[in-house]
Asker: 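Questions regarding the structure given below will be posed in turn.
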Amino acid sequence: EVQLVESGGGLVHTGGSLRLSCAASGLTFDDYAIEWFRQAPGKEREGVACISSTDFSTYYSDSVKGRFTISSDNAKNTVDLQMNALKAEDTAVYYCAVAPGWTGCPWGWGEKEYEYWGQGTQVTVSS
C-alpha cells in the first residue's frame with residue numbers, strides 16, 4: 001500500500017522560507033513521478049513542482065520558478081520542496097502525489113495521472 005505523508009508546513013512571514021517533505025512508503029514501481037500540488041481557499045488545486053524518479057528531471061509552475069526547488073532522496077524515499085521568498089499568494093494546503101509508471105513527469109496533464117495522494121500540509125504566509 002502506497003502511503004504519502006507531508007510535513008513541514010506552518011506559518012511564515014512574507015519573504016521567509018519553509019521546507020516541505022513528503023515521505024513515501026510502499027512505492028514498488030520502477031518509474032514514477034512525484035508532484036507537489038497546492039490548493040488555496042476558493043481556488044482549484046494546481047501543480048507546483050514535479051520530479052521524475054527515473055532521471056530526476058524537474059518541472060515548475062511559472063508562479064514558483066526561481067523560488068521553489070524540488071528534490072528527492074530515493075534512498076530515503078522522500079521528496080522535499082524548498083520554498084524561498086514566500087509570498088502571501090503561496091498560502092495554501094500543499095499535497096504530494098505519485099503518478100506511477102512515468103519516466104518523466106506528466107506536467108500539464110493535470111491530476112488524472114496521479115493515483116496516490118497525501119493528506120496535505122498547511123502553509124500560511126502572512127504579510
Side-chain angles (χ1 to χ4, degrees):
E1 180 186 3
V2 175
Q3 289 190 328
L4 303 173
V5 179
E6 302 97 335
S7 62
L11 174 65
V12 64
H13 291 298
T14 302
S17 298
L18 279 176
R19 189 176 184 90
L20 306 183
S21 186
C22 173
S25 60
L27 292 175
T28 60
F29 321 107
D30 290 336
D31 304 300
Y32 56 89
I34 294 186
E35 184 163 342
W36 283 96
F37 291 81
R38 67 185 181 187
Q39 187 167 23
K43 295 188 176 181
E44 291 187 356
R45 192 156 52 188
E46 63 172 349
V48 174
C50 182
I51 188 165
S52 162
S53 71
T54 306
D55 61 9
F56 303 103
S57 55
T58 58
Y59 302 79
Y60 297 92
S61 66
D62 288 342
S63 61
V64 306
K65 198 172 295 182
R67 299 187 298 122
F68 290 13
T69 303
I70 189 170
S71 61
S72 68
D73 185 333
N74 281 5
K76 297 180 180 179
N77 279 343
T78 58
V79 172
D80 289 352
L81 185 68
Q82 177 66 43
M83 306 186 296
N84 299 327
L86 283 161
K87 306 175 182 179
E89 51 264 43
D90 295 318
T91 294
V93 178
Y94 284 71
Y95 303 88
C96 61
V98 170
W102 278 82
T103 55
C105 274
W107 192 251
W109 287 53
E111 300 182 8
K112 62 182 182 296
E113 298 296 323
Y114 291 88
E115 298 183 18
Y116 306 97
W117 293 79
Q119 82 289 348
T121 185
Q122 176 71 47
V123 171
T124 304
V125 184
S126 66
S127 56

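In this chain, residues are counted from 1 in sequence order.
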Asker: Closest approach of V79 and S72, non-hydrogen atoms and distance?
Answerer: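 Minimum heavy-atom separation between V79 and S72: CG2-CB, 3.9 Å.
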
Asker: Does anything in residues 11-21 form a salt bridge (Lys or Arg N to Asp or Glu O under 4.0 Å)? List the pairs, not counting sequence neighbours.
Answerer: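 Qualifying pairs, neighbours excluded: R19-D80.
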
Asker: Got a sec, which pairs hit disulfide bond (SG atoms under 2.5 Å apart) with one end in residues 61-101, sequence neighbours left out?
Answerer: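 Sorted result for residues 61-101: C22-C96.
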
Asker: Tell me if the NZ atom of K112 is crowded by more than 12 foreign heavy atoms within 6.0 Å.
Answerer: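 Atom NZ in K112 is crowded, with more than 12 foreign heavy atoms closer than 6.0 Å.
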
Asker: Listing request: all salt bridge (Lys or Arg N to Asp or Glu O under 4.0 Å) pairs with a residue in residues 116-127, at least two apart in sequence or in separate chains.
Answerer: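 The answer is none; no pair qualifies.
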
Asker: Out of curiosity, Y60 OH to C105 SG, how far, rounded to the nearest 0.5 Å?
Answerer: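 The SG atom of C105 is 10.0 Å from OH of Y60, to the nearest 0.5 Å.
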
Asker: How far apart are the C-alpha atoms of M83 and R67, what are their side-chain angles, what is the distance that settles it, and do they pass the side chain to side chain contact (heavy atoms under 4.5 Å, CB included) test?
Answerer: CA-CA 6 Å; M83 306 186 296; R67 299 187 298 122; over 6 Å; no

Asker: For D73, which residues count as a side chain to side chain donor-acceptor pair (under 3.5 Å) partner, sequence neighbours excluded?
Answerer: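 D73: no side chain to side chain donor-acceptor pair (under 3.5 Å) contacts found.
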
Asker: Does E46 reach the main-chain N or O of R38 with its side chain, forming a donor-acceptor pair under 3.5 Å?
Answerer: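 Side chain of E46 to backbone of R38, a donor-acceptor pair under 3.5 Å: no, none is there.
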
Asker: Would you say I34 ends up clustered with F56 if hydrophobic residues are merged whenever their side chains have heavy atoms under 4.5 Å apart, either directly or through other cluster members?
Answerer: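 Shared cluster, yes.
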
Asker: A side-chain contact here means heavy atoms from C-beta on lying under 4.5 Å apart; do P100 and Y116 qualify?
Answerer: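 The answer is yes; the side chains approach within 4.5 Å.
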
Asker: Given a cutoff of under 4.5 Å between side-chain heavy atoms of I, L, V, M, F, W and Y, with clusters grown through shared members, what are the other residues clustered with W107?
Answerer: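 Result for W107 is Y59.
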
Asker: Taking only residues two or more places apart in sequence, or in another chain, which ones meet N84 in a side chain to side chain donor-acceptor pair (under 3.5 Å)?
Answerer: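 In terms of side chain to side chain donor-acceptor pair (under 3.5 Å), with neighbours along the sequence ignored, N84 is linked to S17, Q82.
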
Asker: Can you check whether Q119's main-chain N or O pairs, donor with acceptor, with E6's side chain at less than 3.5 Å?
Answerer: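 Checked: pair present.
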
Asker: For a quick test of reading the model, state the closest non-hydrogen atom pair linking S21 to T78 and the distance between them.
Answerer: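 Scanning both residues completely, I find the closest heavy atoms to be OG-CB, 4.2 Å.
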
Asker: The criterion is side-chain contact (heavy atoms from CB on, under 4.5 Å); which residues satisfy it with S52, sequence neighbours excluded?
Answerer: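 T54, D55, S57.
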
Asker: To the nearest 0.5 Å, what is the distance between SG (C50) and CD1 (I70)?
Answerer: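 Going from SG on C50 over to CD1 on I70, the span is 6.0 Å.
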
Asker: Not counting sequence neighbours, which residues clear salt bridge (Lys or Arg N to Asp or Glu O under 4.0 Å) with E115? List them please.
Answerer: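 With sequence neighbours excluded, E115 shows a salt bridge (Lys or Arg N to Asp or Glu O under 4.0 Å) to no residue whatsoever.
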
Asker: Applying side-chain contact (heavy atoms from CB on, under 4.5 Å), can you list everything that pairs with V125, at least two apart in sequence or on another chain?
Answerer: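 V125 satisfies side-chain contact (heavy atoms from CB on, under 4.5 Å) with V12, T14, L86, D90, T91, V123 once adjacent residues are dropped.
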
Asker: Quick one: OG1 on T58 to CZ on F68, what's the gap to the nearest 0.5 Å?
Answerer: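 It is 14.0 Å, given to the nearest 0.5 Å.
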
Asker: Measuring from atom CD of E1 to atom OG of S25, what distance do you get when rounded to the nearest 0.5 angstrom?
Answerer: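 That separation rounds to 8.0 Å.
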
Asker: Suppose clustering is done on Ile, Leu, Val, Met, Phe, Trp and Tyr with side-chain heavy atoms closer than 4.5 Å. Which residues sit in the same group as Y95?
Answerer: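 Members alongside Y95: F37, V93, Y114, W117.
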
Asker: Salt bridge (Lys or Arg N to Asp or Glu O under 4.0 Å) with E111: which residues, sequence neighbours excluded?
Answerer: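 Partners of E111 by the salt bridge (Lys or Arg N to Asp or Glu O under 4.0 Å) criterion, ordered by chain and then number, come out as R45.
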
Asker: Please round to the nearest 0.5 Å and tell me the distance separating atom CG of L81 and atom OH of Y94.
Answerer: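 Nearest 0.5 Å value for the CG-OH distance: 7.5 Å.
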
Asker: Run through the side-chain heavy atoms of Ile, Leu, Val, Met, Phe, Trp and Tyr, join any pair under 4.5 Å, and report what else lands in W102's cluster.
Answerer: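 Besides W102, the cluster holds W109.
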
Asker: Using a 3.5 Å distance criterion without hydrogens, assess whether the side chain of S53 forms a donor-acceptor pair with backbone atoms of Y32.
Answerer: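 Flag set: sc S53 to bb Y32 pair under 3.5 Å.
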
